[in-house]
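Order of appearance sets the numbers: ligands from 1, and atoms from 1 within every ligand.
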Amino acid sequence: MPRAWEEEETDRGRNACSQGAVLCQKEGQRQLVLTTAFDEWTARAAEEAGVDMIVAWGSCQEHSKFVVEAVRRGAPNTLIGTGINPGAYESQEKALKLANEMRAAGTDIIYCSGLVPEKFAGLARQHVPCCGHVGYLPVNNTWYGGPRGVGKTAEEAKKVYDDVMALEAAGCIAVEMECVPAKVAEEITKRTKLLVFSMGSGPNCDGQFIFSEDLMGTNLGRYPRHSITYANLFTCAVDALKQFCLDVQSGAYPQARHCIKINDQEFARFQQSLASSPTRLDRVLDSAPKSLDQYDHF
Ligand SMILES: Nc1nc(=O)c2c([nH]1)NC[C@@H]1CN(c3ccc(C(=O)N[C@@H](CCC(=O)O)C(=O)O)cc3)CN21
Ligand SMILES: CC(C)C(=O)C(=O)O
């Protein structure tokens, strides 16, 4: 018998990789693959590559909508999670309103780091699929004192476990576990119903999540220890643009095949119509100051 996710993949429509199919991963059939996309072509590349879920967001609600719409155009058949800053959820009502707007823009799962469980519960009651975030939370950076592994002491590891249980009780369907020691992440994954997406938390979760800029080599900053890089697209882009500069400067571009033709007869008629028009040089000389008197007004 085909496994749930295989069945659904034979009939690809919007959300071929549905939440139901995704939740079956909890049975350990295979690791889910997650990455980020902030534009249409990266989303298309992720979908063509077979990524299970794309996480996309912007700097504010309006920007997030714009990003999610582009990502949905690029990846019509892939599950999308939208990260929303917990600060944007001023109230329970606002949380629902924002979540609905993001779902209208094309997202499937509301992804939020640092949101208090009560607000997640409000969303879950309205059947909004939610993904929480535990371990190192960049959005709460100040409290962690910068990026670091979280859960390296028994107490801190237990706190991560408690956070996951609170998200589970609030009705979330998944959690991103960021920079938690692999052995701790494994023990917690064994004990929660939630899908656990590992970002640097080892192999024994339900999926692996790496930023697309790290995978493709377009990260302009530091590559975190957990990242892996398969291409150097930034270098490729610089090479392509550099070659264009060289070709324009040397006259190698454009060639005949880049140019639009006009038949000889039409061109001859056009030239005739210009017979009495001054040349560019005439016009430039004509517009040059005749004498310094022109600058009287200074
Ligand atoms: N390109 C990119 N990749 C990411 O993984 C990523 C982002 N951006 N932006 C938001 C957050 C920030 N993240 C980070 C950033 C740095 C570390 C970091 O410095 N990690 C340590 C290992 C920690 C430890 O061993 O205690 C490192 O040495 O890389 C971790 C997560 C993950 N996220
Ligand atoms: C997707 C986002 C919330 C993330 O994982 C991060 O910034 O670490």
- Query: Is Glu69 salt-bridged to Arg73, going by a charged N under 4.0 Å from an acidic O?
  - Reply: no
- Query: Hey, which atoms in ligand 1 end up nearer than 4.0 Å to a heavy atom of Arg225?
  - Reply: 22 (C), 25 (O), 27 (C), 28 (O), 29 (O)
- Query: Closest approach of Pro224 and Asp214, non-hydrogen atoms and distance?
  - Reply: CD-OD2, 3.8 Å
- protein heavy-atom neighbour closest to atom 6 (C) of ligand 1 works out as Phe211 CE1, 3.4 Å
- CD/Glu187: more than 12 non-hydrogen atoms of other groups inside 6.0 Å: yes
- Are Val175 and Val128 grouped together when hydrophobic residues (ILVMFWY) are joined by side-chain heavy atoms under 4.5 angstrom apart? yes
- Query: Which protein non-hydrogen atom lies closest to atom 2 (C) of ligand 2, naming both residue and atom, and how far is it?
  - Reply: Trp57 CH2, 3.8 Å
- So does Asp264 have more than 12 non-hydrogen atoms from other groups sitting under 6.0 Å from CG? no
- Task: Using a 4.0 Å heavy-atom cut-off, say whether Pro224 meets ligand 1 through its side chain, its backbone, both or neither.
- Result: both
- Query: Looking at OG1 of Thr229 and CZ of Phe234, how far apart are the two atoms once the value is rounded to the nearest 0.5 Å?
  - Reply: 14.0 Å
- Message: List ligand 1 atoms under 4.0 Å from Pro138, heavy atoms only on the residue side.
- Response: 11 (C), 12 (C)
- Under 4.0 Å from a heavy atom of Pro147: give me the atoms of ligand 1 that qualify, with their elements. 16 (C), 17 (C), 18 (C), 19 (O), 30 (C)
- Query: Are more than 12 heavy atoms from other residues, nucleotides or ligands located less than 6.0 Å from atom CZ of Arg148?
  - Reply: yes
- Glu178 N/O to ligand 2 N/O under 3.5 Å: yes
- Gly83: heavy atom below 4.0 Å from ligand 2, yes or no? no
- Item | For Asp214, the ligand 1 atoms whose distance to one of its heavy atoms is below 4.0 Å | 1 (N), 2 (C), 3 (N), 4 (C), 5 (O)
- Task: Check the angle between the aromatic planes of Phe267 and Phe270 and answer parallel, tilted or perpendicular using the 30° and 60° thresholds.
- Result: tilted
- Taking atom OH of Tyr223 as the centre, does the number of heavy atoms from other residues, nucleotides or ligands within less than 6.0 Å exceed 12? yes
- Atoms of ligand 1, numbered as shown, that sit under 4.0 Å from any heavy atom of Cys179: 30 (C), 31 (C)
- Query: Counting only heavy atoms not in Glu266, do more than 12 sit closer than 6.0 Å to its CD atom?
  - Reply: yes
- Backbone or side chain, does any N or O of Ser113 fall under 3.5 Å from an N or O of ligand 2? no
- Query: Which ligand 1 atoms are under 4.0 Å away from a heavy-atom of Gly149?
  - Reply: 23 (C), 24 (C), 26 (O)
- Task: Starting from atom 14 (C) of ligand 1, find the nearest protein heavy-atom neighbour and note its residue, name and distance.
- Result: Glu178 OE2, 4.0 Å
- Just by distance, do the side chain of Glu47 and the backbone of Asn77 share a donor-acceptor pair under 3.5 Å? yes
- Query: Which one of Glu176, His226, Arg222, Lys152 has a non-hydrogen atom at the shortest distance from atom 27 (C) of ligand 1?
  - Reply: Arg222
- Is Ser227 touching ligand 1 with its side chain, its backbone, both, or neither, if touching means heavy atoms under 4.0 Å apart? neither
- Task: Output the list of atoms in ligand 1 that are nearer than 4.0 Å to some heavy atom of Met199, sorted by atom number.
- Result: 5 (O), 32 (C)
- Message: For atom 7 (O) of ligand 2, what's the nearest protein heavy-atom neighbour? Residue, atom name and distance, please.
- Response: Pro138 CG, 3.5 Å
- Task: Please state whether Tyr136 comes within less than 4.0 angstrom of ligand 2, counting heavy atoms only.
- Result: no
- Query: What atoms in ligand 1 come closer than 4.0 Å to a heavy atom of Asn219?
  - Reply: 1 (N)
- Task: Say whether, by atom type as modelled, one donor and one acceptor occur between the side chain of Asp52 and the main chain of Leu34 under 3.5 angstrom.
- Result: no
